[in-house]
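FYI, side chains are in, hydrogens and waters are out, and symmetry mates aren't considered; it's all heavy atoms of this structure. Protein chains get the first letters and strands the later ones, always in sequence-line order, with residue 1 at the start of each.
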Amino acid sequence: MNEIRLHNTLSGKTEPFTPQTPGEVKMYTCGPTVYDYAHIGNFRTFIFQDILRRFLKLRGFKMNHVMNLTDVDDRIIANAAAQKVGIREYTEKYAQAFFADCKTLNVEAPEYWVRATDHIPEMVQLIERLQKKSFTYPTEGSIYYRIAKFPQYGKLSKVDLTGIQAGARVDNDRYEKESARDFALWKAPKEGEHFWETEIGAGRPGWHIECSAMAMKYLGDTLDIHTGGIDLAFPHHENEIAQSEGATGKPFSRYWLHAEHLLVEGEKMSKSLGNFYTLRDLFAKGYKPSSLRYALSSVPYRGKLNFTFDGLQQAASSVERLRTFSDRLKQGKFPTGSNPAMAASIAKAANDFDAGLSDDLNTAVALAAMYDFVREGNIAMDKGEFKQDEVASAQKFLADFDRVFAVIQDDDAVKLKALGFGASEGELSDEEVEKLITERNAARARRDFATGDRVRKELADHGIILEDSRDGSVRWKRK
RNA sequence: GGCGCGGUACCCAAGUGGUAAGGGAGAGGUCUGCAAAACCUUUAUGCGUGGGUUCGAUUCCCACCCGCGCCUCCA
């Protein structure tokens with residue numbers, strides 16, 4: 001067990017991680033705004049936080065993890081109005097799609113999924129607390145946060161407020177603010193917009209207040225870890241800090257972790273460049289969920305990830321290598337006895353794996369540890385030197401690996417089918433495959449290789465790959 | 001302009017003051033009836049460029065070039 005170290009945006013340093021309560025981690029993740037399907041950039045961040053929570057769980061921590069769905073904002077209000085449906089109805093579709101996408105990518109459900117619109121009273125209460133402490137001021141029915149009252153503002157993102165003039169308008173907000181950086185806690189209703197009637201007036205919440213209110217409701221005043229995409233550090237997280245710490249006077253989160261963005265083919269992903277992808281776009285092109293998960297998790301979270309289709313293909317090959325080895329371990333017949341060298345190799349790999357992830361989730365190093373073991377394991381198996389006594393510990397290591405990376409277990413076809421992909425016509429059933437393999441074996445037994453190869457070709461045309469092994473048995477898999 | 005990130009082989013990518021992990025791809029080979037899988041060899045005397053510090057730098061310092069992000073909604 002290596003010391004877990006995480007890079008804290010707050011300090012700008014990589015620090016040893018210890019939760020407030022031993023053995024238990026209070027974590028909050030800024031989830032998606034459900035106004036559309038989530039894209040691969042979103043999932044880079046969500047897979048990062050998933051790997052973090054999975055690793056912490058592997059290390060024995062009990063997770064108390066909250067993830068929100070922002071289901072009220074300008075885009076949602078505008079889109080729902082355009083479609084003449086309520087915002088709940090509008091967002092429900094995308095919320096369900098998001099859950100399905102998470103499931104498809106093996107992004108674990110947090111302990112709590114929370115929605116902004118289910119927590120209006122909590123937000124109102126928090127705003128009232130801030131009002132009592134003079135952190136707010138009203139303007140034309142809206143309520144703003146007075147940043148001048150919170151001197152530490154900027155400590156997370158290191159923004160420098162000098163030069164921002166009071167009263168300046170830096171956006172097209174039509175309400176008057178005392179200072180340009182002041183932000184809305186509560187927005188007065190606009191004509192025809194959805195609004196809530198509350199103790200602090202009619203209106204709807206500003207964007208930042210939901211996270212403060214929900215995080216503190218479920219996790220208490222001080223969280224252990226708060227995660228999100230790098231773009232959220234400012235202003236979203238900075239504002240969360242201002243709101244929460246303004247109200248409680250206590251640190252809001254002890255560690256802040258931010259995932260870098262991804263690029264697509266070296267460029268910023270954007271709809272206008274035509275390089276904007278949702279999961280469904282990729283699955284429709286025939287890529288597998290496991291390939292995407294691998295591609296998005298193999299580059300450590302703090303660096304930019306250049307997403308390319310070539311990279312997706314490479315990821316598919318890498319996953320295949322792991323799966324082939326895993327199958328070999330499962331199906332192989334190993335000689336009795338033990339092999340101390342192999343036992344040592346497994347132990348070293350397991351430790352290197354843990355050391356990699358412990359070092360601020362260095363997934364590249366963790367993967368390298370696995371591949372080192374795969375190579376050594378294959379060599380030993382080829383020589384018949386992989387013994388029964390090591391099977392259990394090897395499988396344990398693979399299982400632990402997959403508790404974090406979650407790519408070895410092969411259920412891509414099932415996942416795709418659930419989303420309505422795959423299941424291409426002409427797909428062979430397992431029985432049909434087995435029948436053809438039997439046919440081929442018979443042909444090979446009488447050294448009729450022409451027939452045997454014809455059957456193999458037929459199977460290949462249906463996406464079935466055969467592997468003849470030395471003992472005469474045949475392994476097969478779907479491409 | 002302010003703050004920040006990055007530039008390592010064909011591609012992805014880790015990394016350290018002492019001479020470059022791992023994966024993918026290509027080439028050759030072993031095994032195989034042939035494949036597939038696996039394994040072996042091979043592909044950076046060099047880690048954006050130019051200086052400096054040092055016995056020694058890819059790793060530290062300075063300058064410069066290039067790409068990118070945030071500063072306004074954004075994972």
Value in whole Å for how far the P atom of B/C5 lies from CD1 of A/Ile230: 9 Å
Pairwise P distance for B/C61 and B/U53, with rounding to whole Å: 15 Å
Distance, rounded to the nearest Å, where A/Glu458 contributes CD and B/A35 contributes C1': 17 Å
Closest-nucleotide ordering on RNA chain B, the 5'-leading residue of A/Arg440 and A/Val299: A/Val299
Span that lies between the C1' atom of B/A14 and that of B/A44, in whole angstrom: 15 Å
Sugar-phosphate only, base, or nothing, as touched by A/Gly228 at under 4.0 Å among non-hydrogen atoms: sugar-phosphate
cation_pi(A/Lys348, A/Phe353) dist<6.0 Å, angle<=45: no
Bracket notation of RNA chain B in which parentheses pair within the strand, [ ] cross earlier pairs, and | pairs with another strand (Watson-Crick or G-U, under 3.5 Å): (((((((..(((.....[...)))((((((.......))))))....(((((..]....))))))))))))....
Main-chain N/O of A/His236 paired with A/Asn239 side-chain donor or acceptor, under 3.5 Å: no
Donor-acceptor pair between A/Asp73 and A/Thr70 side chains, under 3.5 angstrom: no
Touch class at under 4.0 angstrom, heavy-atom based, for A/Lys383 against every strand present: nothing
Atom-to-atom span, CZ of A/Arg456 to P of B/A35 - whole angstrom: 9 Å
Gap separating the CG atom of A/Asp411 from the CG atom of A/Asn106, nearest 0.5 angstrom: 6.5 Å
Whole angstrom value for the distance that separates C1' of B/C73 from CG of A/Asn42: 13 Å
Nearest listed nucleotide, side chain of A/Leu232, among B/A75, B/C71, B/C40: B/A75
By salt bridge (Lys or Arg N to Asp or Glu O under 4.0 Å) - contacts of A/Lys155 (at least two apart): A/Glu245
Integer angstrom distance from the P of B/G26 to that of B/C11: 15 Å
Candidates B/A75, B/C70, B/A38 - which lies nearest the side chain of A/Lys268: B/C70
Could you list, one pair per line, each protein nitrogen or oxygen that sits under 3.5 Å from a nitrogen or oxygen of nucleotides 6-9 of chain B, together with the distance?
none

Distance, nearest 0.5 Å, that separates NE2 of A/His119 from CD1 of A/Ile209: 13.5 Å
side-chain contact (heavy atoms from CB on, under 4.5 Å) partners for A/Ser244, two or more places apart: A/Ser212, A/Met216, A/Phe252
Sugar-phosphate, base or nothing in reach of A/His39, heavy atoms under 4.0 Å: base
Presence of salt bridge, A/Asp468 and A/Arg440, under 4.0 angstrom: yes
Pairwise P distance for B/G29 and B/A36, with rounding to whole Å: 13 Å
Distance-only donor-acceptor check, side chains A/Asn339 and A/Glu390, under 3.5 Å: no
Taking every non-hydrogen atom, the tightest pair across A/Ala188 and A/Ser142: N-OG, 2.9 Å
Shortest non-hydrogen separation from A/Ala242 to A/Tyr153 and the atoms involved: CB-CD1, 3.9 Å
Gap in Å between the two C1' atoms, one belonging to B/U43 and one to B/C5, rounded: 30 Å
Integer angstrom distance from the C1' of B/A21 to that of B/U8: 12 Å
Qualifying residues under salt bridge (Lys or Arg N to Asp or Glu O under 4.0 Å), relative to A/Asp412, sequence neighbours excluded: A/Arg323
Integer-rounded Å distance: B/A13 P and A/Leu305 CG: 7 Å
Near-parallel close stack of A/His261 and B/A75 base (under 5.5 Å, under 30°): yes
Interatomic distance, A/Glu265 CD vs B/C68 C1' [rounded to whole Å]: 16 Å
Base B/G69 paired with A/Asp231 side chain (donor-acceptor, <3.5 Å): no
N or O in side chain of A/Asn362 less than 4.0 angstrom from B/G15 OP1/OP2: yes
B/A36 OP1/OP2 closer than 4.0 Å to side-chain N/O of A/Trp476: no
Rounded distance (nearest 0.5 Å) linking atom CZ of A/Arg54 with atom CG of A/Asp400: 12.5 Å
Sugar-phosphate only, base, or nothing, as touched by A/Asp453 at under 4.0 Å among non-hydrogen atoms: base
Side-chain donor/acceptor of A/Asp468 to base of B/C34, under 3.5 Å: yes
Side chain of A/Arg447 - closest among B/A37, B/A38, B/G33: B/G33
Note: A/Arg293-A/Asp50 ion pair, threshold 4.0 Å (strictly below): yes
Where protein sits on nucleotides 20-31 of chain B, one letter per nucleotide: B base, S sugar-phosphate only, - none, heavy atoms under 4.0 Å: -BSBSS-----S
Nearest-angstrom distance from the residue atom CG of A/Leu322 to P of B/A38: 10 Å
Nearest-angstrom distance, P atom, B/U72 to B/G67: 24 Å
Whole-angstrom distance between B/G24 and B/A37, as gauged at atom P: 11 Å
Between B/C74 (C1') and A/His258 (NE2): distance, integer Å: 13 Å
A/Thr227 versus A/His258, side-chain donor and acceptor atoms under 3.5 Å: no
Sugar-phosphate, base or nothing in reach of A/Arg323, heavy atoms under 4.0 Å: nothing
Sugar-phosphate only, base, or nothing, as touched by A/Pro300 at under 4.0 Å among non-hydrogen atoms: sugar-phosphate
Options B/C12, B/C71, B/A38, nucleotide nearest the side-chain atoms of A/Arg181: B/C71
